[in-house]
Amino acid sequence: MKKFNTLLLLLLASFALHAQSDRSDKKAEREQKKLRKISLFREIEEGENLYNREFSGGARLNTDGWTGFLEMGFRKSASTVNFFQFEFSEKKDPKQDRSSTFVPVMGYYISTSPYVYGKMNNFYQAKLGLGQKRLIGGKGNKNGVEVNAIYYGGISAGLVKPYYLELMNDAGDPDSRKLQKWTPENNDEFLDKTNIYGAGGFSKGWGEVKFTPGLHAKLGFRFDWAKFNDVISALEVGVNAEYYTKKVQIMVDQDGKSFFFNAYVGLQLGKRWNK
């Protein structure tokens with residue numbers, strides 16, 4: 001009987017030790033998985049960018065106007081991202097300047113809606129293109145800056161909208177006004193500053209838009225300073241060229257042109273993720 005009890009105690013002790021060993025092994029395995037996850041998280045967030053999808057939007061100031069855009073990117077390799085971009089822009093002549101007319105109201109002089117003297121057309125562009133972003137220098141850590149080279153091109157839809165002014169029927173009479181765009185017949189009246197009340201408004205002229213197809217391309221550098229790689233916070237600088245099949249005239253006293261070239265600086269914000 002004593003031998004049986006001794007054997008039973010040995011078996012129980014063996015099972016207890018085995019169970020304790022299993023628990024220790026499982027705990028160690030969980031700790032190793034946790035450490036691997038932390039290591040991977042740090043690698044993704046602070047080191048090499050491993051995300052394969054990105055979406056962002058932003059705005060640019062151009063030497064000849066402004067641009068708003070949306071971008072969708074697809075990672076091709078560790079150093080290359082292909083992206084699609086949609087842009088909407090407006091071009092402005094370097095010589096155009098905003099003016100205002102002051103008219104008497106109840107003994108006071110007030111400023112009317114600002115207008116651009118001598119402007120003939122607004123020129124907008126809707127663009128769709130395909131580009132590529134190539135890594136030049138990685139962040140290294142979350143306090144670094146990622147530097148990429150950008151090259152991109154695509155098609156453009158130029159939209160030429162007549163620019164309207166509010167003109168006074170009788171010079172100096174602000175209560176008698178009419179909306180007019182520039183024509184060869186009303187050139188003198190359109191350019192007579194004493195006859196201009198103010199701008200005709202953004203909504204006027206959309207029913208008269210003329211379509212002009214074209215192509216565009218750009219080269220630039222993008223600097224991403226976001227602390228973590230799943231966030232896009234970038235500054236982009238570069239140059240942009242556009243060619244349209246018809247000459248576009250923005251100002252009355254300037255010849256129309258088909259080729260446009262500008263430099264730009266832009267701000268871009270967005271997110272990255274894995275799919």
Side-chain angles (χ1 to χ4, degrees), residues 30-92 124-156 215-242 260-275:
R30 286 196 299 270
E31 288 295 326
Q32 288 178 355
K33 286 182 178 179
K34 184 177 179 181
L35 290 173
R36 283 198 296 270
K37 287 181 179 179
I38 292 173
S39 177
L40 179 62
F41 175 79
R42 285 178 177 171
E43 184 179 7
I44 292 175
E45 294 299 301
E46 299 181 3
E48 184 179 359
N49 187 348
L50 302 180
Y51 292 101
N52 56 31
R53 295 287 187 275
E54 55 184 60
F55 179 78
S56 58
R60 302 189 194 103
L61 286 177
N62 311 321
T63 52
D64 62 356
W66 56 265
T67 299
F69 65 91
L70 296 172
E71 180 180 301
M72 185 70 189
F74 304 86
R75 183 165 295 280
K76 182 180 178 182
S77 67
S79 61
T80 305
V81 174
N82 295 332
F83 63 88
F84 295 95
Q85 194 171 100
F86 172 76
E87 305 175 57
F88 190 81
S89 309
E90 182 185 8
K91 293 199 178 300
K92 299 182 179 181
Y124 302 101
Q125 309 85 45
K127 306 176 192 174
L128 185 64
L130 173 65
Q132 195 167 79
K133 178 176 69 173
R134 284 191 175 271
L135 182 67
I136 296 176
K139 292 180 182 179
N141 58 66
K142 67 180 181 179
N143 294 317
V145 176
E146 181 181 283
V147 183
N148 289 275
I150 301 292
Y151 42 95
Y152 161 86
I155 57 175
S156 300
L215 299 172
H216 69 278
K218 72 174 181 178
L219 293 171
F221 294 95
R222 189 175 296 175
F223 305 89
D224 191 334
W225 70 85
K227 288 187 176 181
F228 299 107
N229 282 330
D230 65 334
V231 177
I232 300 171
S233 298
L235 179 74
E236 184 176 317
V237 294
V239 292
N240 178 75
E242 299 169 47
F260 296 85
F261 182 82
N262 65 55
Y264 68 85
V265 58
L267 180 64
Q268 188 166 353
L269 303 173
K271 291 286 292 182
R272 296 187 179 97
W273 70 94
N274 283 317
K275 185 176 181 180

Peer 1: Any cation-pi pair here, Arg222 with Tyr152, using under 6.0 Å and within 45°?
Peer 2: no

Peer 1: Mind checking whether Tyr151 and Gln132 have side chains closer than 4.5 Å, heavy atoms only?
Peer 2: yes

Peer 1: Calculate, to the nearest 0.5 Å, the distance between atoms CG and OG belonging to Leu267 and Ser233 respectively.
Peer 2: 8.0 Å

Peer 1: Hey, is the main chain of Lys91 close enough, under 3.5 Å, to the side chain of Asn62 for a donor-acceptor pair?
Peer 2: no

Peer 1: Ignoring hydrogens and geometry, is there a side-chain-to-backbone donor-acceptor pair from Thr63 to Ala263 under 3.5 Å?
Peer 2: yes

Peer 1: When rounded to the nearest 0.5 angstrom, what is the spacing between CZ in Phe55 and CD1 in Ile232?
Peer 2: 9.5 Å

Peer 1: Quick one: does Tyr264's side chain get under 4.5 Å of Trp66's, heavy atoms only?
Peer 2: no

Peer 1: Check whether Arg272 reaches the backbone of Val231 with its side chain - one donor and one acceptor, N or O, closer than 3.5 Å.
Peer 2: yes

Peer 1: For Phe221, does the CZ atom sit with more than 12 other heavy atoms under 6.0 Å from it, leaving out its own atoms?
Peer 2: no

Peer 1: Just so I know, are the side chains of Phe223 and Val237 near enough to count as touching, which here means a heavy-atom distance under 4.5 Å?
Peer 2: yes

Peer 1: Say whether, by atom type as modelled, one donor and one acceptor occur between the side chain of Asp224 and the main chain of Ala234 under 3.5 angstrom.
Peer 2: no

Peer 1: Walk me through whether Ser56 and Gln268 qualify under side-chain hydrogen bond (donor to acceptor under 3.5 Å, both in side chains).
Peer 2: CA-CA 7 Å; Ser56 58; Gln268 188 166 353; 2.7 Å; yes

Peer 1: Report yes if some heavy atom in the side chain of Gln85 is under 4.5 Å from a heavy atom in the side chain of Lys218; otherwise report no.
Peer 2: yes

Peer 1: Should we say atom OH of Tyr124 is surrounded by more than 12 heavy atoms from elsewhere, each under 6.0 Å from it?
Peer 2: yes

Peer 1: Whether Glu71 and Lys133 form a salt bridge (side-chain N of Lys/Arg under 4.0 Å from carboxylate O of Asp/Glu) is what I want to check.
Peer 2: no

Peer 1: Any donor and acceptor pair, going by atom type alone, linking the side chain of Arg53 with main-chain N or O of Trp273 inside 3.5 Å?
Peer 2: no

Peer 1: Distance from Ile155 atom CD1 to Gln125 atom CD, nearest 0.5 Å?
Peer 2: 14.0 Å

Peer 1: Hey, is the main chain of Lys227 close enough, under 3.5 Å, to the side chain of Lys139 for a donor-acceptor pair?
Peer 2: no

Peer 1: Can you measure from CD1 (Ile150) to CD1 (Ile136) and round to the nearest 0.5 angstrom?
Peer 2: 9.0 Å

Peer 1: To the closest 0.5 Å, what do you measure between OH (Tyr51) and CG (Asn229)?
Peer 2: 7.0 Å

Peer 1: How close do Ala241 and Phe261 get, counting heavy atoms only, and between which atoms?
Peer 2: CB-CD1, 4.0 Å

Peer 1: Minimum heavy-atom separation for Lys127 and Ser156, please, with both atom names.
Peer 2: CG-OG, 3.6 Å

Peer 1: Do His216 and Phe260 touch side chain to side chain, with heavy atoms closer than 4.5 Å?
Peer 2: no

Peer 1: Atom CG in Asn240, atom OG in Ser89: separation rounded to 0.5 Å?
Peer 2: 7.5 Å

